[in-house]
Each structure stands twice: as structure tokens, then as C-alpha cells.
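Okay, here's the structure, questions in a sec.
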Amino acid sequence: MERWLTGDDPTLVETAASVRAWVPFAADSPLYEAYAIRIAEDSDMLRVLAAIPGSPAINILLAAVQLLLTRDDALAAWYPRLAEDVRDPGDEAYEAFRAFVLDRREEVLALGTRRTQTNEVRRCAVLMPVIAREMAARGWDGPVHAIDVGASAGLGLLMDSVRYRYGDTVVGDGSLTLECDNRAGLALPSRVPAFATRTGLDLHPVDATDPEQAAWLEALVWPEHADRLARLRAAIALRRDADIAMVEGDAAATLPRVAAGLPEGPIVLWHSIALYQLPDDALEAIDDAVAAVAAERPLVRVAFEPQPGGWSDLRVGLRPRSAPPVVRGHQHGAWIDAA
Ligand SMILES: C[S@@+](CC[C@H](N)C(=O)[O-])C[C@H]1O[C@@H](n2cnc3c(N)ncnc32)[C@H](O)[C@@H]1O
């Protein structure tokens, strides 16, 4: 097989372009960034990627490798090598990774049908001050109904149950603390918004109490991010006792039914790193569903979706694509900054 991409195979050229487009989003993982840059030039690896149906395929491939590593004791000899490579990603690390993927192609591809449903609870640290501000602006003092669109395992709906630390400022209380650098000097609320109900909408809700599904969520965490892994585990533990309803299906179809079933009171609806890959007609359908609910009862919508460059914008509006960004935030919630 030809190792280096020649440009003769249009499918591989397209796959390589999608990997290159993903590279900026891996800026927080030197290892994955180094792998992606090399994969984009490597025909054998691009052939594996092209056989992965989910999106982004590279994220699924990397998570599949992580999962296989944790599943198989026989790989213990390879694993420390990965840990070492994390400190100095380079050609040697890539060769080990490449050999692993090509040797275990069938096992990797068997996991390739899984989905990228990374659930990062620290995104709440970026969303929460904006949601609190919008609620205050509308005079919504009491508990609101929270709806998270594209909620994955519903960990974002723990927003009212965790503690936040922005430098010296602490907001809220809870056994899990989310640290976020408030680079924008954004006004912070004195208390966390209170939720009367919590509903997660997802095409395929993840049951984080199922060990196999929790292991996949863990595998989606990038290898350098030990803090994220610890947070994920803590959030999954909190999720077990939290009163969160998960509703399966396309949010455009489920939202009207869910909203109609909620008791009176305002709705705060948000989505984080969830809808950016949807085609325009699917986004329009969700916008229309949100607008229809908002015509019947008070509703605010906050969108936290990726932008080219690796960060994500927060926009407030029933049709957020036509609203200007109010702030921008780190894709995993590490900082919040001026738009
Ligand atoms: C990357 S996950 C993000 C999870 C979570 N919002 C977070 O920030 O950690 C994106 C989720 O959006 C869901 N999703 C995508 N399109 C959707 C739609 N039309 N309706 C409901 N859920 C959708 C996917 O199934 C996936 O679980």
C-alpha cells in the first residue's frame, strides 16, 4: 500500500482535508495535534479513517484507540509509551500509534460506529454567567425550567448543582468545583440559577450509569487531560442522584412536546458544542421549534457553538446564528473572554 498521500484518490483527499480542518480544534492536545497532522499525509491511516462513518471520524478513531488501550492488559507494554509520548509528541509516537491502528484495524473499525458525544461539564462555567445575566435582565428570580439540547449524558444539567471558581470569586456550592479563567472580567452572579426541572434532549442519550457507555465517554477525553477525566468521573457520580429527564430524538421534534409537558414558568434552553455539524435545514427546524415554544411562554436560548479557530462563541437569541456573539469561551470551559 502507498503510505504517503498522492492525491490520486478523491475520497482520501477529502478525508485528509477533514483531518486538516480538525487540527485547530486539537490545539489543547499536542499528542492528537501531532497525530492529526501526520494522519493527513498518510494514505494507510486515511483509508482506516474513511471507513469510519461517524463524525468527526478522527475523534472517533482516537477514542477507539483509547478504549482498546484501557480494555486490554496485554497492551500494558504499549501504554506507558503513550504516556511518555504525551510529553514529547513526535515521529516516534506517531509510528507507535500508527502501528497500533493498522495492526488492530478490525477492532478499531468495530468501535468506529460509535458517536462523538463528549460531555464536558466545565462548559457550564462559561454558560452559567451568561444564563444568570439573561435571567436577571428578564427579572426571572425563581427557578426556571432548564433544557439542554444535545445533552449527551445530561452532565450539563448539573449546572445548578456545582461550585464555580473564577480566580478569587466562588459562586455556588457542591462537591464538584469547576475552575474557569474569567478573562473578560465578566460580571458574575452572586448565586447560581435555580432549576425547577432539568431536561436533556438528544438524538441518542448516553446512559452514564452504564459502565460500557461511561467507558466510551472516558475514552473521548484526550490523553493529556487528566483534570477532565477526573471531572467527568465526579460529574457521572453526581448525575446518578440528579433529577434529570432525558428525551430521545431530534430536538426539532421533541422540544414542542417536552415544553408542552412542563409546568408553568420560564424556560432556559441552551446547547453547547452540539449543533454545529447539523446541516442548515436541520438547524432551521430547531430554530422554528424554539421560536414556536417562545411564542407560547417565556424562553431564552443560549448557544455555545464552535467557531473556526478552536474557540466557541456564546450567542443569545431564538435564532442565534443571526445574533452577534456576546462572549467567547474555551471549547472545554477553561476560560471565558470578550467576543
Ligand atoms: C459533542 S456532544 C455535546 C454534549 C454536551 N452538550 C456537552 O457540551 O458536553 C453533541 C450531542 O448533540 C447531539 N445532537 C446532535 N444533533 C441533535 C439534534 N438534532 N437533536 C438532539 N440532539 C442532537 C448528539 O447526539 C450529541 O450527543
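Whatever order the structure lists them in is the order used to number ligands and atoms, beginning at 1.
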What part of L278, side chain from CB on, backbone N/CA/C/O, both or neither, has a heavy atom under 4.0 Å from ligand 1?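 For L278, the contact with ligand 1 is made by the side chain alone.
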
What protein heavy atom lies closest to atom 7 (C) of ligand 1? Include the residue and the distance to one decimal.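 Looking at atom 7 (C) of ligand 1, the protein heavy atom closest to it is R123 NH1, 3.0 Å.
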
For the pair D207 and R239, find out whether any cationic side-chain nitrogen is under 4.0 Å from an anionic carboxylate oxygen.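 Here D207 does not pair with R239 in a salt bridge, since their nearest N and O are not under 4.0 Å apart.
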
Between A235, S272, A289, which one has a non-hydrogen atom sitting closest to atom 8 (O) of ligand 1?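 Considering heavy atoms of A235, S272, A289, the nearest to atom 8 (O) of ligand 1 sits in S272.
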
Beyond-backbone contact of V126 with R123, side-chain heavy atoms, under 4.5 angstrom: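 Result no, sub-4.5 Å side-chain heavy-atom pair not found.
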
Straight-line distance of N119 CG to Q213 CD, nearest 0.5 Å: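 Separation between the atoms: 12.0 Å.
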
How many angstroms lie between atom CZ of R328 and atom CZ of F304, to the nearest 0.5 angstrom?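 R328 atom CZ to F304 atom CZ measures 11.5 Å (nearest 0.5 Å).
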
Do any N/O atoms on D148 end up under 3.5 angstrom from N/O atoms on ligand 1?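 Not met; the criterion fails.
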
Under a 3.5 Å cutoff, is there a donor and acceptor pairing between the side chains of Q307 and S312?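 No, no side-chain donor-acceptor pair sits under 3.5 Å.
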
Under 3.5 Å, N or O to N or O, is Q117 touching ligand 1 that way?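 Yes.
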
So is V149 in contact with ligand 1, going by heavy-atom distances below 4.0 Å?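 Contact absent.
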
Per-atom contacts, ligand 1 versus T118 - under 4.0 Å to a heavy atom: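 Answer, ordered by atom number: 1 (C), 2 (S), 3 (C), 4 (C), 7 (C), 9 (O).
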
Hydrogens and angles aside, do N59 and Y32 bring a side-chain donor and acceptor to less than 3.5 Å of each other?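 No, no side-chain donor-acceptor contact under 3.5 Å.
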
Heavy atom of G249 under 4.0 Å from ligand 1?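 Contact present.
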
For residues 189-205, which residue pairs pass the side chain to side chain donor-acceptor pair (under 3.5 Å) check, not counting sequence neighbours?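 As it turns out, the side chain to side chain donor-acceptor pair (under 3.5 Å) pairs with a partner in residues 189-205, which skip direct neighbours, are R115-H204, Q117-D202, H145-T197, D160-R198.
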
Answer yes or no: is there a side-chain heavy-atom contact under 4.5 Å between R133 and L186?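 Yes - at least one pair of side-chain heavy atoms lies under 4.5 Å apart.
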
Using a strict cut-off of 4.0 Å, indicate which atoms of ligand 1 neighbour a heavy atom of S152.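 So the answer, numbered in order with elements, is 4 (C), 27 (O).
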
Tell me the protein heavy atom at minimum distance from atom 20 (N) of ligand 1, and give that distance in Å.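 Protein heavy atom with the smallest distance to atom 20 (N) of ligand 1: A251 N, 3.0 Å.
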
With distance as the sole criterion, is a donor-acceptor pair present between the side chains of H330 and D337 under 3.5 Å?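 Per modelled atom types, H330 and D337 side chains form no pair under 3.5 Å.
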
Which ligand 1 atoms are under 4.0 Å away from a heavy-atom of I273?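 Every atom of ligand 1 under 4.0 Å from some heavy atom of I273: 1 (C), 2 (S), 3 (C), 10 (C).
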
Protein heavy atom at shortest distance from atom 25 (O) of ligand 1: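 Here the closest protein heavy atom is D202 OD1, 2.6 Å.
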
Using a 4.0 Å cut-off to any heavy atom of T116, which atoms of ligand 1 qualify?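 Numbered from 1, ligand 1 contributes 1 (C).
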
Would you mind listing every salt bridge (Lys or Arg N to Asp or Glu O under 4.0 Å) that reaches into residues 245-257, with sequence neighbours excluded?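 Listed once each, the pairs would be none.
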
What protein heavy atom sits nearest atom 12 (O) of ligand 1, and how far away is it?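 Going by distance alone, atom 12 (O) of ligand 1 is nearest to G150 CA, 3.3 Å.
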
How far is atom 15 (C) of ligand 1 from its nearest protein heavy atom, and which residue and atom name does that atom have?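 Checking every protein heavy atom, the shortest distance to atom 15 (C) of ligand 1 gives A274 O, 3.6 Å.
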
Please determine whether a side-chain nitrogen of the Lys or Arg among E212 and R114 lies less than 4.0 Å from a carboxylate oxygen of the Asp or Glu.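 Salt bridge: yes.
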
If you draw a 6.0 Å radius around CG in D281, do more than 12 non-hydrogen atoms from other residues or ligands fall strictly inside?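 Check passes, neighbour count above 12.
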
Does ligand 1 have a heavy atom under 4.0 Å from the side chain of I286, from its backbone, from both, or from neither?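 Side chain only.
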
Where is the nearest protein heavy atom to atom 21 (C) of ligand 1: which residue, which atom, and how far?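 Looking only at protein heavy atoms, the one closest to atom 21 (C) of ligand 1 is L203 N, 3.4 Å.
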
Tell me: protein heavy atom nearest atom 19 (N) of ligand 1, and distance?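 Looking at atom 19 (N) of ligand 1, the protein heavy atom closest to it is D250 OD1, 3.2 Å.
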
Would you check whether H204 has a nitrogen or oxygen atom less than 3.5 angstrom from a nitrogen or oxygen atom of ligand 1?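 Looking only at distances, the answer is no, because the N/O contact criterion of under 3.5 Å is not met.
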
For ligand 1, indicate whether the residue N119 contacts it via side chain, backbone, both or neither (heavy-atom separation under 4.0 Å).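 Both backbone and side chain.
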
